[in-house]
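Following: one structure in structure tokens, then a few remarks.
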Amino acid sequence: MRYLCAIFGALIVAAGVDAAAPRLAVGTFKVDVTPPIGTPLCDALCDPASAIDGQLTARGVVLVPAGEQPVVLVALDWVGVGNDGQDAFKEAIAAAAGTTPERVAIHALHQHDAPGCDFGADKLASEYGLGGKLFKVEFAREAIARTADAVKEATGKVVPVTHVSHGSGKVEKVGSNRRCLGPDGKVKWVRYTACTDPEAVAQPEGIIDPQARAIGFWNGDEPVAILTYYATHPQSYYGKGRVNADFPGMARALREEAVPGPLHVHFNGAGGNIGAGKYNNGSPEMRPELAKRLAAGMATAWESSEKEPIDESTVIDWSTEQIALPPGKHLNAAELTATIADKNLPEFDRLQAVRHLQFLRECEAGRQVTLGRMRIGEVDLLHLPGELFVEYQLAAQGLRPDSEVCVAAYGDYGSGYIGLHDSYAQGGYETSDRASRVAPSVEGVLMKGIQQLMK
């Protein structure tokens with residue numbers, strides 16, 4: 001901390017102002033985490049990497065409140081980081097930033113032509129000859145080390161934050177609810193990433209959050225970092241081994257061109273039951289079109305932002321809640337072990353059973369996941385686990401209606417989808433035994449944690 005204070009002092013003296021530590025300082029980082037050819041993608045759901053169509057990055061901000069340890073927010077162009085993959089990332093980055101793992105948040109944008117990370121799952125898979133089938137361990141370790149090195153450099157180059165800006169803008173014709181109910185209240189259609197079923201396409205958008213949000217960290221008249229948020233599955237088409245950051249990555253790049261200088265960091269919101277299916281037929285031409293639509297909403301959010309000074313009255317606070325996610329009753333250790341051991345079954349089925357069993361073991365060992373909230377004046381940055389249904393995001397926003405509440409989901413990815421209590425009885429893919437590893441009671445546990453954080 002003495003080292004950080006010395007940096008702050010030098011910066012402020014050079015600027016010709018009072019040599020006191022700023023209320024808040026920020027550093028930015030961006031590093032390449034593109035996997036090599038041959039890497040499994042999307043936890044083995046997709047073909048392994050055979051071509052690199054675009055760079056994947058780990059990027060984010062180091063926020064340093066005066067007199068406190070840094071808070072590090074990381075956004076990865078990966079499908080997800082779960083269980084002890086989260087631990088490894090947080091521990092390495094915390095050491096690099098001079099903080100604690102509880103003050104580090106790791107989130108994925110959930111692109112499917114991208115790798116994942118769960119070291120415990122790979123260790124379990126290795127016991128059955130399936131090591132390296134979910135992801136490449138050596139590559140993941142290297143990516144963690146590179147990210148930590150970038151965070152360390154960013155921590156040494158923080159600058160004062162004099163203002164924070166916030167705004168929102170509607171995104172047109174991108175997100176739609178994936179779960180379309182029939183007259184009986186059950187899921188009749190699931191609109192996946194792409195949808196060509198006319199009846200499904202014709203259904204209403206359903207429950208979504210149509211707003212993109214933009215948060216700016218300013219040093220005087222210059223923006224240092226811009227954080228954007230939007231809730232949707234981020235795929236246009238995928239699965240053929242062509243590594244890319246899909247349309248959110250393209251939208252982010254469009255905003256970098258429009259507003260050069262600051263680092264642009266995008267977080268995926270609670271998009272577990274949201275996708276572009278109503279507006280996307282899966283053709284390659286739709287990827288840049290969806291990117292343009294998302295970028296337009298981001299632009300409106302940025303251009304309509306209100307800029308507020310950071311002064312002595314500004315609340316700056318990082319808070320966390322620890323919760324234990326309840327495992328679903330369908331996770332039976334003996335049955336899952338038998339599936340993993342059965343070499344006559346498809347390899348993907350065995351690997352899915354590995355992920356299920358690893359999550360169950362983590363729960364039985366008492367694992368808790370961290371919910372985090374960074375409050376800066378009238379801005380709340382909320383960090384949550386899993387493939388969350390959008391209703392959790394909307395509920396969090398309802399708890400602070402006069403604030404700009406930005407949700408980053410896809411934190412700890414071990415749980416898979418996290419639906420609402422009643423959605424598990426409605427059917428559909430997202431709450432199926434294959435896709436979700438938690439029990440319907442998860443809603444009460446998670447909502448209580450969110451309510452505590454948003455006080």
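For clarity, every value in this text was computed on a predicted model and none was experimentally measured.
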Fit a plane to each ring of H112 and Y238, take the angle between them on a 0 to 90° scale, and name the class: parallel (under 30°), tilted (30 to 60°) or perpendicular (over 60°).
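Taking Y238 first and then H112, their aromatic rings stand perpendicular (interplane angle over 60°).
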Does R287 form a salt bridge (charged side-chain N to carboxylate O under 4.0 Å, His left out) with D53? I'd like the steps, not just the answer.
CA-CA 13 Å; R287 179 176 287 171; D53 284 351; 5.2 Å; no
Quick one about D77 and T57 (side-chain donor to acceptor, distance below 3.5 Å, no hydrogens or angles considered), yes or no?
yes
Are a donor atom and an acceptor atom from the side chains of H166 and E308 found within less than 3.5 Å of each other?
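Absent: no donor and acceptor within the cut-off.
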In terms of heavy-atom contacts, does CG of D221 have more than 12 from other residues, nucleotides or ligands at under 6.0 Å?
no
Surrounding NZ of K170 (heavy atoms of other residues, nucleotides or ligands, distance under 6.0 Å), is the total greater than 12?
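For K170, atom NZ is not crowded (no more than 12 foreign heavy atoms under 6.0 Å).
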Considering residues at least two apart in sequence or located in another chain, which fulfil the salt bridge (Lys or Arg N to Asp or Glu O under 4.0 Å) criterion with [X]?
{"X": "R213", "value": "D209, E404"}
{"X": "D380", "value": "R373, R375, R400"}
{"X": "R255", "value": "none"}
{"X": "D122", "value": "none"}

So does P248 get a backbone contact from the side chain of D246, meaning a donor-acceptor N/O pair under 3.5 Å?
no
Between R23 and D311 (side chain of the first, backbone of the second, donor and acceptor by atom type, cut-off under 3.5 Å), is there such a pair?
yes
Looking at Q86, K90, H383, which hits side-chain contact (heavy atoms from CB on, under 4.5 Å) with V104?
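Of all the options given, the one that passes is K90.
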Donor-acceptor contacts under 3.5 Å from residues 113-120 side chains, at least two apart:
| residue | atom | partner | partner atom | Å |
| --- | --- | --- | --- | --- |
| D113 | OD1 | G239 | N | 2.9 |
| D113 | OD2 | N244 | ND2 | 3.1 |
| D118 | OD1 | G120 | N | 3.3 |
| D118 | OD1 | A121 | N | 3.1 |
| D118 | OD2 | N83 | ND2 | 2.7 |

Applying side chain to side chain donor-acceptor pair (under 3.5 Å), which residue pairs with at least one partner in residues 259-277 are found, sequence neighbours left out?
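Every side chain to side chain donor-acceptor pair (under 3.5 Å) pair that includes a residue of residues 259-277, provided the two are not neighbours, is T228-H266, N273-E391.
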